[in-house]
Amino acid sequence: MQPILVTGGTGTLGRLVVPRLRDAGCKVRVLSRRSREAGEGIEFVTGDVATGEGIEAAVEGAEIIVHCAGSSKGDEVKTLNLVRAASRAGARHLVYISVVGADRIPVRSFVDRTMFGYFASKLAAERVVVDSGLPWTILRATQFHDTFLTVARATAKLPVVPVFAGFRFQPVGADDVAARLVQLTLGEPAGLVSDLGGPQVYTMADLLRGYLHATHRRRLIMPVWLPGQAARAHRAGANLTPDHADGTRTWEDFLADRLGSPRVVPT
Ligand SMILES: NC(=O)c1ccc[n+]([C@@H]2O[C@H](COP(=O)([O-])OP(=O)(O)OC[C@H]3O[C@@H](n4cnc5c(N)ncnc54)[C@H](OP(=O)(O)O)[C@@H]3O)[C@@H](O)[C@H]2O)c1
């Protein structure tokens, strides 16, 4: 059986994709920058998509590639390195995870780039996939609950917590995204598929209040007005996908699961 390569198979999303593929009877190969012990049905290959190191070995014999490796910057180059190697190796399906709003949030000014360069980098990476000559599928998801938890944990350390005025978000469970990604991976290349968003839209202040409530804290919340076109697009809802609110888990569900007992206060 040919392995399915999952880049980023150690990350928030990828580590939920990997067991789902294995449970579906697939052999899975995970690319990571650190070496790891193989598990049942899971092989690890060390490599770096930013430098290209180890990529040839990772793609060898993998007809299907799920590309989840990413960071806040430089996904275009990472994707290009992967695509080049995958094309040489004759891959027949490349599945890419992008973000809702990649095509609608303009990143032009210095402020846009500094605060929201991620969206431009995801759009550029999407274009690399589309132009790769490989059969492809792209799923755009809204931001995962885990992302907001990281933000909430960091900002709640401050006595006064800034939130972006007028911004709304539609957080989605990484597990819902993993389920959809696996379904797409096991299907035929489908091009750009329907977005996937969480079941509810929240203001940034609401998300933070939910976290403060779950962790029994009180903080002053201070709205901050962000300049720039990318921020304006956010205020207009370009990062939302109300027609595809298909995620099953709310922010409150996630907080209850993740933070567990009320006695647990994250640091
Ligand atoms: N988080 C969100 O809210 C969100 C929303 C929509 C879309 N997405 C997209 O979903 C994907 C996964 O996001 P995530 O939140 O799961 O990310 P994450 O938790 O930060 O994990 C990043 C993963 O990428 C791998 N990686 C990073 N740089 C790499 C490199 N140079 N070479 C090889 N592997 C590298 C890491 O592997 P090692 O550290 O083991 O090398 C890790 O497995 C990304 O493309 C992201 O843009 C995320």
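The shown structure was predicted, so the numbers you read here are calculated from the model rather than taken from an experiment. One-based numbering, in listed order, for ligands and for the atoms of each.
Residue Ser32 touches ligand 1 through backbone and side chain together, judged by heavy-atom distances below 4.0 Å. Counting heavy atoms under 4.0 Å from ligand 1, residue Arg140 does not touch it at all. Of the heavy atoms in Ala174, none comes closer than 4.0 Å to ligand 1.
Salt bridge present: Asp103 and Arg140 bring a charged side-chain N and a carboxylate O closer than 4.0 Å. With salt bridges taken as basic N to acidic carboxylate O contacts below 4.0 Å, none links Arg33 and Asp48. The existence of a salt bridge linking Arg209 and Asp206 is confirmed by a sub-4.0 Å separation between a basic side-chain nitrogen and an acidic carboxylate oxygen. Glu56 and Arg88 are joined by a salt bridge, as a carboxylate oxygen and a charged side-chain nitrogen come within less than 4.0 angstrom of each other.
Which parts of ligand 1 touch Arg36 is read off a 4.0 Å heavy-atom cut-off, strictly below it: atoms 40 (O). Proximity to Thr142 (heavy-atom distance under 4.0 Å) selects the following atoms of ligand 1: 5 (C), 6 (C). Listed by number with element, the atoms of ligand 1 under 4.0 angstrom from any heavy atom of Cys68 are 11 (C), 12 (C), 44 (C), 45 (O). Atoms of ligand 1 lying under 4.0 Å from at least one heavy atom of Ala50, given by number and element, are 31 (N). Near Gln143, the atoms of ligand 1 lying under 4.0 angstrom from a non-hydrogen atom of the residue are 3 (O), 5 (C). For ligand 1, the atoms sitting less than 4.0 Å from at least one non-hydrogen atom of Ala141 are 6 (C), numbered in the order shown with element in parentheses. In the vicinity of Ala69, heavy-atom distances shorter than 4.0 Å reach the ligand 1 atoms 24 (O), 25 (C), 26 (N), 34 (N), 35 (C). Near Gly11, with a cut-off below 4.0 Å to any heavy atom, the atoms of ligand 1 are 16 (O), 19 (O), 21 (O), 42 (C), 43 (O).
At least one N or O atom of Lys122, backbone or side chain, sits closer than 3.5 Å to an N or O atom of ligand 1. The N/O atoms of Arg34, backbone and side chain alike, include one that comes under 3.5 Å of an N/O atom in ligand 1. Considering backbone and side-chain N/O of Asp48, one or more are found under 3.5 Å from N/O of ligand 1. Residue Leu31 has no N or O atom closer than 3.5 Å to an N or O atom of ligand 1.
A donor-acceptor pair shorter than 3.5 Å cannot be found between the side chains of His93 and Thr185. Side-chain atoms of Arg180 and Gln183 include a donor-acceptor pair closer than 3.5 Å.
Distance from atom 10 (O) of ligand 1 to its nearest protein heavy atom, with residue and atom name: Ile97 CG2, 3.5 Å. Atom 46 (C) of ligand 1 has as its closest protein heavy atom Tyr118 OH, 3.4 Å. Closest to atom 13 (O) of ligand 1 among all protein heavy atoms lies Phe144 CE1, 4.1 Å. Counting only heavy atoms of the protein, atom 22 (C) of ligand 1 lies nearest to Gly70 O, 3.5 Å. With respect to atom 23 (C) of ligand 1, the closest heavy atom belonging to the protein is Gly8 CA, 3.8 Å. In terms of protein heavy-atom proximity, atom 36 (C) of ligand 1 is nearest to Arg33 NH2, 3.8 Å. With hydrogens left out, the protein atom closest to atom 1 (N) of ligand 1 is Thr147 OG1, 3.0 Å, a heavy atom. Considering only non-hydrogen protein atoms, atom 16 (O) of ligand 1 sits nearest to Leu13 N, 2.8 Å.
Formation of a donor-acceptor pair under 3.5 Å by the Thr79 side chain with backbone atoms of Asp75 is found in this model.
Closest heavy-atom approach to atom 17 (O) of ligand 1 among the candidates Leu82, Thr12, Thr10: Thr12.
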Show, in sequence, the C-alpha distance, side-chain angles and deciding distance for Gln170 and Thr142, and conclude whether the side chain to side chain donor-acceptor pair (under 3.5 Å) test is met. CA-CA 6 Å; Gln170 190 181 344; Thr142 54; 5.6 Å; no
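Between Cys68 and Leu13, the shortest heavy-atom distance links the atoms SG-CD2, 4.0 Å.
Proximity of Thr7 to ligand 1 is not established, as no heavy-atom distance is less than 4.0 Å. The closest approach between Ala125 and ligand 1 stays at or above 4.0 Å for every heavy atom of the residue.
Partner of Arg249 under the salt bridge (Lys or Arg N to Asp or Glu O under 4.0 Å) criterion, out of Asp176, Asp175, Asp257: Asp257 alone. With His67 as reference, Leu82 is the one residue of Leu82, Val6, Ile138, Leu5 to meet the side-chain contact (heavy atoms from CB on, under 4.5 Å) rule.
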